[in-house]
Amino acid sequence: MKAGLTITEMAQEIERQAGAKEDFLVNPRALEMDATGGKPMLRVLEGGVDQTEPLAIQETAHRQMGTHLGIPWRYYEKMLQEEPGLLAHNVNHWLRRGEPAQRMLRTLDGKARAFLSNRYRPIDNLEITAAVLPIIGEMQGARFESCSLTENYLYVKVVNPRLTGEVRLGDVVQAGIVISNSETGLGAVNVQPLVYRLACLNGMVVNDSRVSTRRNHVGRASGTDENFALYSQETLAQDNKAFLMKIQDSVRAAVDEARFAKVLDTMRKSTEAKLDTTDIPALVKLTCSNFSLTDAEGKGILQHLLEGADYTLYGLANAVTRYSQDVESYERATELEGIGYCQRHFKMSFFAEMECRFLLDGIQVLCSLIHQPTCRFEACQALIYQLVLGLTGKNGKYNYPKAVHLYPPFFDIFCSAKNYKIAPALTATTS
């Protein structure tokens, strides 16, 4: 698990930010981007008079403004880096032409950090930590394994050594919990179980909606007759109180013994799912395609898989979570910890247990074609055909119960491969 802040360091920074941040409801037409100094700044004007000091703009706010104004990010970023004056001209033009519906402008330390809908519902880090830290303190022996407070996310990762089990003989794991939140509109409040492996200090986030609690930052539209007004959270306090009580219950339940036993059982089963070792690099490449991993991440995962020499789903998942310690970004490291569990849970089990070696090349082609708008439908259809074909026995009968067990998305595919009409060009490509 990637190292971060101590719980004391994180708590101090959350308190500091709570006193330094401000939220405003603004009419977009009252905003103006100024690139006079070569670096775009955001001004809030009323009758030509600045209502605040000009604000530096963080990348998240830039992206959200581009999305709101319909400016593609690649073009927006090019203007930001090469022609900030042109960017300011474009942004100001579309701000004046856009709808006057108010937006929430979130600021911290003199920077615009988020540009959000007026339906955005703040559930902030101070509220969350105030609710969950006392509950964690009640757990005997619980320790804060890693914490982080990035520009966009809060992460609190806790391990409870009282809940311990073995995946294999001598391979000990402990139960834990990860609490995350984004104050800038990039993610919901999440409480998820965590599995901590002692052998390599890897953490694995259990991405399963059945055992997680999630709350999106969406509420009633906020409004004011003014073009610029300080946002008050007082009206949300009662609603948030009910949700925070639910979060407290979820923290307690996340280290429930029965729940941990189910996760442990899934992990043990993954040790029995053998990978096709005829072409390990191709298998890792397929994994990268399934989970949108970069080539560099794929190389790192392959290295750890080969070093561990555990050619099962369990080994592949551990290679992903082990690689998470190597990446610089704490946010990306946590995403990789979740991807490790997704793989182990079912995504790759279809290929491992059925040993569908003949599918690898075809599926790689189809996965790439699915991202091409002109042939997305046909590629999806061909992919279904190839997968169903792998679950059709020599007698031509499709094993529906086995398909659903191994690959849950097959629940709505009842017929055999011959019932799918495939575009000739794609059939030839994947043969």
Side-chain angles (χ1 to χ4, degrees), residues 13-14 16-73 75-81 83-126 149-154 181-187 217-219 221-224 226-233 331:
E13 179 59 15
I14 287 175
R16 187 200 71 78
Q17 290 186 8
K21 64 188 178 186
E22 289 184 312
D23 296 336
F24 302 99
L25 290 173
V26 299
N27 182 337
R29 294 178 179 178
L31 298 176
E32 181 178 288
M33 184 177 285
D34 186 348
T36 304
K39 182 179 180 180
M41 303 288 284
L42 192 63
R43 300 173 63 191
V44 184
L45 303 172
E46 180 72 41
V49 179
D50 285 297
Q51 301 300 296
T52 67
E53 290 294 322
L55 301 164
I57 309 171
Q58 293 184 178
E59 181 179 324
T60 300
H62 272 302
R63 286 180 177 272
Q64 291 165 342
M65 290 184 71
T67 299
H68 175 68
L69 299 174
I71 304 174
W73 174 247
Y75 180 52
Y76 189 109
E77 186 180 33
K78 184 176 179 66
M79 291 188 289
L80 177 61
Q81 294 175 350
E83 293 289 344
L86 180 61
L87 173 63
H89 174 78
N90 274 271
V91 167
N92 293 334
H93 173 80
W94 294 113
L95 282 172
R96 288 190 291 269
R97 290 281 300 273
E99 293 293 326
Q102 289 180 324
R103 304 282 295 177
M104 177 177 285
L105 180 64
R106 308 207 81 182
T107 72
L108 173 67
D109 296 331
K111 299 177 182 177
R113 60 176 181 152
F115 185 67
L116 303 162
S117 161
N118 64 349
R119 290 181 60 84
Y120 179 84
R121 177 179 185 163
I123 306 173
D124 286 346
N125 298 334
L126 185 62
L149 191 62
T150 70
E151 191 172 278
N152 292 303
Y153 288 96
L154 160 78
N181 182 46
S182 173
E183 293 187 341
T184 57
L186 298 188
H217 292 267
V218 178
S222 302
T224 174
E226 301 176 23
N227 286 332
F228 175 77
L230 185 65
Y231 181 80
S232 172
Q233 289 191 338
E331 295 173 13

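What you see is a predicted model; the values in this text were computed from it and never measured.
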> Any idea which heavy atoms bring I57 and M41 closest together, and the distance?
Replying inline: CD1-C, 4.0 Å
>> Determine whether D23 and L105 satisfy the following criterion, side chain to side chain contact (heavy atoms under 4.5 Å, CB included), listing intermediate values before the conclusion.
In response: CA-CA 6 Å; D23 296 336; L105 180 64; over 6 Å; no
> Where do N125 and E183 land on the side chain to side chain contact (heavy atoms under 4.5 Å, CB included) test, with the steps shown first?
Replying inline: CA-CA 7 Å; N125 298 334; E183 293 187 341; 3.3 Å; yes
>> Around atom NE2 of H89, are there more than 12 heavy atoms from other residues, nucleotides or ligands closer than 6.0 Å?
In response: no
>> Quick check against the 3.5 Å criterion: does T184 have a side-chain atom that pairs as donor or acceptor with the backbone of A114?
In response: no
> Quick one: CZ on R97 to CH2 on W94, what's the gap to the nearest 0.5 Å?
Replying inline: 5.0 Å
>> Can you tell me how far apart CG (L31) and CZ (F24) are? Round to the nearest 0.5 Å.
In response: 11.5 Å
>> Is there a side chain to side chain contact (heavy atoms under 4.5 Å, CB included) between M79 and I71? Walk through the geometry before answering.
In response: CA-CA 11 Å; M79 291 188 289; I71 304 174; 4.1 Å; yes
>> Minimum heavy-atom separation for M33 and A88, please, with both atom names.
In response: O-CB, 3.6 Å
>> Which heavy atom of D124 sits nearest to which heavy atom of N181, and what is that distance?
In response: C-ND2, 4.0 Å
>> Quick test of your reading: applying salt bridge (charged side-chain N to carboxylate O under 4.0 Å, His left out), list the pairs with at least one residue in residues 27-40, sequence neighbours left out, ordered by first then second residue.
In response: E32-R43, D34-R43
>> So, using ring pair (Phe, Tyr, Trp, His ring centres under 6.0 Å) as the criterion, who are the partners of W73 when residues are at least two apart?
In response: Y76
>> Using every non-hydrogen atom in the two residues, find where Q102 and N27 come nearest and quote the distance to one decimal.
In response: CG-N, 4.3 Å
>> Any non-hydrogen side-chain atom of Q64 less than 4.5 Å from a side-chain atom of L116?
In response: yes
> In Å and rounded to the nearest 0.5 Å, what is the CE to CZ distance from M104 to R119?
Replying inline: 12.0 Å
>> Quick check on side-chain hydrogen bond (donor to acceptor under 3.5 Å, both in side chains): which of R16, Q17, K21 does D109 satisfy it with?
In response: R16
>> Does any part of the side chain of L108, heavy atoms only, come nearer than 4.5 Å to the side chain of Q58, both counted from C-beta?
In response: no
>> Any heavy-atom pair between the side chains of S117 and R103 that's under 4.5 Å?
In response: yes
>> With heavy-atom distances below 4.5 Å as the criterion, would you say the side chains of F115 and L42 are in contact?
In response: no
> Does any non-hydrogen side-chain atom of L186 lie less than 4.5 Å from one of R63?
Replying inline: no
> Looking at A35 and P84, what are the two nearest heavy atoms and their distance?
Replying inline: CB-O, 3.5 Å
> Can you tell me how far CG of L95 sits from CG of N90, rounded to the nearest 0.5 angstrom?
Replying inline: 10.5 Å
>> Main chain of V49, side chain of Q51: is a donor-acceptor contact present, judged purely on distance under 3.5 Å?
In response: yes
> For I14 and L154, what are the C-alpha separation, side-chain angles and deciding distance, and is it a side chain to side chain contact (heavy atoms under 4.5 Å, CB included)?
Replying inline: CA-CA 9 Å; I14 287 175; L154 160 78; 3.9 Å; yes
>> As an exercise, state the distance from CG of N152 to OG1 of T60, rounded to the nearest 0.5 Å.
In response: 3.5 Å
>> Quick check for you: to the nearest 0.5 Å, what is the distance between E77 atom CD and H62 atom NE2?
In response: 10.5 Å
